[in-house]
Number of protein chains: 2
Amino acid sequence: MSPRGFSCHDHATCMSDMLERAETRCRDKGLNLTPVRRRTLEILLDEHRALGAYDLLAQLAAEGLGSQPPVAYRALDFLVNAGLAHKIEALNAYVACTHSGADHAPAFLICRGCRAVAEASTAPASGRLGDAARAAGFQIERTVVEAQGLCPDCQQDPAA
Amino acid sequence: MSPRGFSCHDHATCMSDMLERAETRCRDKGLNLTPVRRRTLEILLDEHRALGAYDLLAQLAAEGLGSQPPVAYRALDFLVNAGLAHKIEALNAYVACTHSGADHAPAFLICRGCRAVAEASTAPASGRLGDAARAAGFQIERTVVEAQGLCPDCQQDPAA
DNA sequence: ATCAGGCATGTTATAACATATCAACCCCGA
DNA sequence: TCGGGGTTGATATGTTATAACATGCCTGAT
């Protein structure tokens, strides 16, 4: 499970690490990590928290990489399909994937204070939801598992 | 876990049952189940699947119960806060609660074919996500657990 | 060499989801 | 009767997401 996201870390190394993995992954899978897509991923990695599509778009626009909504949504779709980013349904926002390995069923701890997101893995079909699905004859294709609350830092915060 | 929603049942009885429970619950808690709120719940119960706020609004409007978005959102907020309905985050849509008991941490099986929704319960802090949260010092306040896929009926369907 | 096809991007417009704000009303208790 | 809380009415706007169509660019087949 080892979540990531609420702990201090060498951010520069973390980012370059993840980017490199993303490039390898795309090369291996025949995917085209174009400048807009790469830059979108960089922004997500850099923030290390959930960003709305329009937040991203503003950044991209400021850098001359496109200013209309489809630009952001296309880049995000690509990243999500490539497994390099995830959508946080409870926030309508997006985060970079921090488990750069193979396909996985992600689960998230989402801080309502700072929108920081820690990613963990779930066993999709195991557990009680899987039992319920099997009992009902329901075929699971995708799972959304998100816990909202306060991260250690924000628990200290007066604003909390 | 016993999911509900993909099985045949006596719908009329189911509805009147749930409505009665909702009324009892509101009376006990000093909540005011007004006509708009009650009708909104009825529509959700009747459909037995995820409805968008604007779908609901259209129904309400057709019945002369208000035609502007706030009408629907207020009613839905009330029902969600009262525990009589849930929001399906992955669809930005709403369903009637089928576990009319006390507060619970719901989990959903959502059919992408017909938008039918079965509700189950999760143990919020148990399981692997709870482990990860404790390990990270994260304080969970709310969980979103949603599985998307195909219900038994839609698995047969040619359109699937 | 050229042209068809795929893929990425540019551009405009609009759909779909959600909330802020203020006014009016109604009921109940002081 | 006055005032306050809660509900509704109404207008406007904010936020998130996609449809639809045009353009450019590379590449491989002929």
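All chains are named by letter (A, B, ...) in the order of the sequence lines, taking the proteins before the strands, and each is independently numbered beginning at 1. What you see below is based on every heavy atom in this structure, not just the backbone, and it leaves out hydrogens, waters and symmetry mates.
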Is the backbone of Leu150(A) close enough, under 3.5 Å, to the side chain of Gln155(A) for a donor and an acceptor to pair up by distance?
yes

Any idea which of dT8(D), dG10(C), dT18(D) is nearest the Pro69(A) side chain?
dT18(D)

May I ask you to test the Cys26(A)-Leu84(A) pair for a side-chain heavy-atom distance under 4.5 Å?
yes

Presence of Lys87(B) side-chain N/O under 4.0 Å of dC17(C) phosphate oxygens OP1/OP2
no

Please figure out whether Asp55(A) or Val36(B) has its closest DNA chain D nucleotide nearer the 5' end.
Val36(B)

Any stacking of Tyr54(A) on dT15(D), going by centres under 5.5 angstrom and planes within less than 30 degrees?
no

Distance, rounded to the nearest Å, where Leu79(B) contributes CG and dT7(D) contributes P
12 Å

Glu89(B) CD to dA17(D) P, straight-line distance once rounded to whole Å:
12 Å

Taking for each residue the nucleotide of DNA chain D bearing the nearest heavy atom, is the 5' side occupied by Pro35(B) or by Leu91(A)?
Pro35(B)

Protein-nucleotide distance (Gln68(B), atom CD; dC22(C), atom C1'), rounded to Å:
15 Å

Counting only side-chain nitrogens and oxygens, does Tyr73(A) get under 4.0 Å of the OP1 or OP2 atom of dT18(D)?
no

For the backbone of Glu42(B) and the side chain of Asp46(B), can you confirm whether one donor and one acceptor N or O come within less than 3.5 Å of each other?
no

Look at the side chain of Asn32(B) and decide which nucleotide, out of dT11(C), dC22(C), dT7(D), has an atom nearest to it.
dT7(D)

To the nearest Å, how far apart are Leu57(A) CG and dT18(D) P?
14 Å

Base, sugar-phosphate alone, or nothing: which one does Arg37(A) contact when heavy atoms must sit under 4.0 Å apart?
sugar-phosphate

How many Å lie between CZ on Arg39(B) and C1' on dT8(D), as a whole number?
18 Å

Round to a whole Å and report the spacing from CG of Leu65(A) to P of dA8(C).
16 Å

I'd like to know if Arg74(B) reaches the base of dG6(D) with its side chain, counting only an N/O donor and acceptor under 3.5 Å.
no

Over how many whole Å does the gap from Asp77(B) atom CG to dA20(C) atom P extend?
10 Å

I want to check one thing: is the phosphate of dC17(C), taken as OP1 and OP2, less than 4.0 Å away from some side-chain N or O of Asn92(A)?
no

What is the separation between atom CG on Leu31(B) and atom P on dG5(D), rounded to the nearest whole Å?
18 Å

Base, sugar-phosphate, or nothing: which does Tyr94(B) touch, judged by heavy atoms less than 4.0 Å apart?
sugar-phosphate

Should the ring pair Tyr73(B) and Tyr94(B) be called parallel, tilted or perpendicular, given that the plane angle runs from 0 to 90° and is split at 30 and 60?
perpendicular

Is it the case that the side chains of His99(B) and His86(B) hold a donor-acceptor pair, with the cut-off being a distance below 3.5 Å and no angle test?
no

Tell me whether the count of non-hydrogen atoms from other residues, nucleotides or ligands lying under 6.0 Å of CD in Glu20(B) goes above 12.
no

Tell me whether the side-chain N/O atoms of Ser67(A) come closer than 4.0 Å to OP1 or OP2 in dG10(C).
no

Given dT21(C), dA17(D), dT11(C), which nucleotide is nearest the side-chain atoms of Pro70(A)?
dT11(C)

